Amino acid sequence: MVLHRLLGSGTTWRLLQPSQRRQRIARQESEAVWRSIRSIIAVLLALIFAAPGHAETGYDLWLRYAPLAPSQAQRYAPHFRYLVADTTRPTLAAAVQELDRGLGRMLGSPPAHAGAVQGNGGIVLATADSPLLSGLDLPLAPLGREGFLIRSVAMPGGRVILVAGNSDAGVLYGTFRLLRLLQLQQPIDALAVADAPKLQLRVLDHWDNLDRYVERGYAGQSLWDWQKLPGYTDPRYTDYARANASIGINATVLNNVNANADILTAPYLQKVKALAGVFRPYGIRVYLTARFSAPIEIGGLKTADPLDPAVRAWWKAKADEIYAVIPDFGGFLVKANSEGQPGPSDYKRSHADGANMLADALAPHGGVVMWRAFVYSEHNDADRHKQASEEFVPLDGKFRDNVLLQVKNGAIDFQPREPFHPLFGAMPKTPLMLEVQITKEYLGFATHLAYLGTMWEEVLESDTFRPRAGSTVAKVLETPVAPRALTGMAGVANIGTDINWSGSQFDQANWYAYGRLAWDPDARAVDIARDWARLTWSADSAIADPIVAMMMESREAVVNYMTPLGLGHLMATGHHYGPAPWVSDLARPEWNPAYYHRADANGIGFDRTPTGTNALGQYAPEVAKRWGDLKTVPDRLLLWFHHVPWDYRMRSGGTLWDRLVAQYDAGITTVEDMQRRWSTLDGKIDARRWAEVRDFLAIQRQEAQWWRDASIAYWQSVSHRPLPAGHLPPPHPLGYYQAIRTPHAPGNGK
Ligand code: BDP
């Protein structure tokens with residue numbers, strides 16, 4: 001019976017010669033021995049990795065490839081006896097390496113590398129032009145350059161799992177997807193997966209300075225070790241690329257939007273070339289920020305006027321030089337005429353003049369310009385909410401085809417909650433990309449647990465009503481403004497040299513969620529959280545479910561204890577750590593929290609209706625109507641758009657004042673809830689990561705209280721109202737909170 005199982009189907013057996021039979025028996029026996037050895041190794045590894053005491057650091061991210069339980073490993077192993085792929089191609093070689101690593105760790109041993117299909121139970125990686133796919137009639141064409149298919153197919157020679165794409169990058173994405181399915185312990189007997197990214201450019205923006213200081217970075221120094229580059233490329237660059245490729249990120253801007261022109265000089269380009277070389281096999285292109293005044297600073301010119309022929313020639317020559325060094329260079333990201341950065345307005349030229357000059361220099365090489373719409377001026381007294389739209393809407397249709405306008409999710413600045421930016425849907429002739437901030441500058445830095453998937457989902461599913469109902473921000477992003485027009489999304493990275501990459505275990509989820517949403521802006525935050533929790537912590541739902549529950553309530557908790565009911569920008573000056581709603585003496589009005597909350601003895605909130613600044617008028621009439629009317633504006637945006645009296649009656653009952661206080665306390669209660677859920681996991685997951693999260697939650701709990709007490713103490717000094725019953729007064733007078741300093745808060749200069 002055992003022999004029969006080993007030998008396979010009786011019909012073929014009968015056709016074999018005695019010598020062939022002996023050979024086959026020997027082969028099958030040695031395979032059986034190997035399978036047993038593999039199972040033993042898997043069990044041993046499982047014991048080591050699963051032991052709660054095993055010191056995981058978080059370095060492995062969501063690519064831990066934790067050993068599977070022997071029963072599960074035995075189910076999968078027969079599908080991965082061997083692997084066929086052309087490893088002379090760097091991207092396919094990267095895919096094979098990942099399979100070796102992933103299958104090796106999950107199943108106990110990697111598949112054998114084979115030159116051809118050799119029976120049932122192999123895995124084949126191939127692109128559309130491969131002879132292996134001829135006759136299979138696969139529907140690859142609609143999947144575009146980066147899409148992929150994963151199928152269980154019968155090929156001449158055996159039944160295999162096929163990962164196919166139109167490009168090597170597509171195959172790599174498919175490989176990572178297959179590994180995800182295994183980590184999530186999905187059935188793989190009849191695979192039929194087809195997927196393709198909905199956006200073309202899926203970009204990470206690093207705000208990394210050349211001295212390795214990361215602006216708004218809470219995860220250590222910049223990964224890019226300029227001093228050792230190009231001679232030494234840290235293996236960590238490869239792990240960075242693997243992580244990004246696994247979630248579909250295909251572009252990285254290496255340096256800060258507050259740019260230093262030196263990055264464009266020849267020595268730096270050699271270093272950039274070395275990084276590009278590491279990232280290339282992973283389908284990732286390198287981009288740089290372009291300081292608008294570079295022609296003056298490193299080019300020796302007297303001007304950076306975009307219409308000046310010498311300036312234009314300089315940028316053209318610079319682009320030629322870059323492409324000679326890095327032939328697949330992606331292009332430039334530009335912050336111009338914002339927060340002190342140079343730009344075309346310095347020469348009375350428009351943003352289109354500036355962007356188009358760079359676009360013309362890059363166009364012959366296929367490069368693109370990502371021009372940021374985060375523009376507000378210290379000389380403009382208009383509501384900051386309105387300034388970007390006033391600047392850019394008149395320029396619709398005036399940009400070159402290889403320019404994208406990069407628009408933050410909201411009109412102010414990455415607050416814990418903002419309504420979607422009114423530019424979405426308002427520039428139908430211009431490719432718009434969404435920019436979100438993965439690093440939590442305004443959500444408590446690394447120590448506060450805040451899953452941002454829900455925040456980005458809220459923006460992406462917002463209906464712009466432009467051109468019609470149902471035109472969500474996601475749809476605006478996904479719909480090219482013309483055939484072959486560019487589409488994209490950018491996330492400000494939260495990555496640094498910390499062993500866990502992101503400053504906290506849970507901040508990895510935000511990097512992960514960003515990648516998943518850039519691939520599919522319609523994906524659901526809860527599904528992404530579920531995948532991340534199972535990949536990062538445990539596929540056991542008794543562990544993953546409470547983690548997902550924590551993640552799903554986390555961002556709202558932060559909103560509640562920092563900026564409830566549509567408040568925003570109440571953070572301390574400069575570093576933005578901790579509360580400072582009382583600040584009102586900074587040089588520019590819009591730098592002051594008081595500018596945003598406008599609290600006085602009568603009430604609180606920013607009137608952006610037609611009786612105020614009418615920023616609402618920049619939205620489609622359907623949106624303006626809903627948010628402009630106190631009867632229909634959602635509570636969560638109330639004070640963003642309205643100034644209302646302290647004793648305004650909320651639709652849900654009670655006064656605004658009572659509700660405001662209650663929101664702060666709700667925020668704290670949710671943090672306590674997260675602590676409670678986390679404590680139930682003690683001993684069920686590895687000790688080091690568990691303890692780190694426990695300690696961070698304790699910091700968060702303490703700081704939520706600080707935010708609540710300081711904010712309420714201040715509001716009370718303005719509203720002169722008693723606290724509603726059941727809510728404790730802040731333990732200290734306002735002056736105590738105003739005197740708190742946080743000299744160690746990182747991320748804002750040295
Ligand atoms: C703000 C940050 C600042 C950035 C700016 C930007 O505080 O450090 O330079 O955004 O996006 O939120 O350019």
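Atoms within a ligand are numbered from 1 in the order they appear, just like the ligands themselves. None of these values were measured; they are calculated from a predicted model.
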Asker: Does the pair Phe332 and Met370 meet the rule for a side-chain contact (heavy atoms from CB on, under 4.5 Å), with working shown?
Answerer: CA-CA 6 Å; Phe332 293 136; Met370 297 177 280; over 6 Å; no
Asker: Ligand 1 and Glu435, any nitrogen or oxygen pair closer than 3.5 angstrom?
Answerer: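 Such a contact does not occur with ligand 1.
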Asker: With Ser502 as reference, evaluate Asp507, Asn510, Ile438, Thr439 under the side-chain contact (heavy atoms from CB on, under 4.5 Å) test and give the passing residue.
Answerer: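 That would be Asp507.
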Asker: Heavy-atom count around Asp401 CG within 6.0 Å, excluding the residue itself: above 12?
Answerer: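 Open: at most 12 neighbouring heavy atoms sit under 6.0 Å from CG of Asp401.
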Asker: Within the structure provided, determine whether Asn256 and Tyr213 are in side-chain contact (heavy-atom separation under 4.5 Å).
Answerer: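 Side-chain contact under 4.5 Å: no.
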Asker: For Tyr287 and Phe329, take the angle between the two ring planes, folded into 0 to 90°, and tell me which bin it lands in: parallel under 30, tilted 30 to 60, perpendicular over 60.
Answerer: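 If you compare the ring of Tyr287 with that of Phe329, the planes turn out tilted.
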Asker: Please state which protein non-hydrogen atom is closest to atom 3 (C) of ligand 1 and give its distance, to 0.1 Å?
Answerer: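 Result for atom 3 (C) of ligand 1: Glu215 OE2, 3.5 Å.
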Asker: Students should be able to answer this: which protein heavy-atom is nearest to atom 1 (C) of ligand 1, and at what distance?
Answerer: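 Of the protein heavy atoms, Asp413 OD2, 3.1 Å lies nearest.
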Asker: Where does Val492 meet ligand 1, judged by heavy-atom distances below 4.0 Å: at the side chain, the backbone, both, or neither?
Answerer: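 Val492 to ligand 1: no contact under 4.0 Å from either part.
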Asker: Provide the number and element of each atom of ligand 1 under 4.0 Å from a heavy atom of His576.
Answerer: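 Per the distance check, 7 (O).
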Asker: Please state which option from Lys408, Arg216, Gln437, Lys335 has its nearest heavy atom closest to atom 10 (O) of ligand 1.
Answerer: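 Among Lys408, Arg216, Gln437, Lys335, the closest heavy atom to atom 10 (O) of ligand 1 belongs to Lys408.
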Asker: What part of Glu441, side chain from CB on, backbone N/CA/C/O, both or neither, has a heavy atom under 4.0 Å from ligand 1?
Answerer: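 Within the 4.0 Å criterion, Glu441 contacts ligand 1 through side-chain atoms alone.
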Asker: Pairing donors with acceptors under 3.5 angstrom, does anything connect the side chains of Lys335 and Asn258?
Answerer: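 Yes, a side-chain donor-acceptor pair sits under 3.5 Å.
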Asker: Return the residue, atom name and 0.1 Å-rounded distance of the protein heavy atom closest to atom 5 (C) of ligand 1.
Answerer: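 Answer for atom 5 (C) of ligand 1: Glu339 OE1, 3.4 Å.
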Asker: With distance as the sole criterion, is a donor-acceptor pair present between the side chains of His448 and Tyr561 under 3.5 Å?
Answerer: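 Judged by distance alone, the side chains do pair up.
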Asker: Quick check on contacts: which atoms of ligand 1 are under 4.0 angstrom from a heavy atom of Tyr442?
Answerer: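 With Tyr442 as reference, the close atoms of ligand 1 come out as 1 (C), 7 (O), 12 (O).
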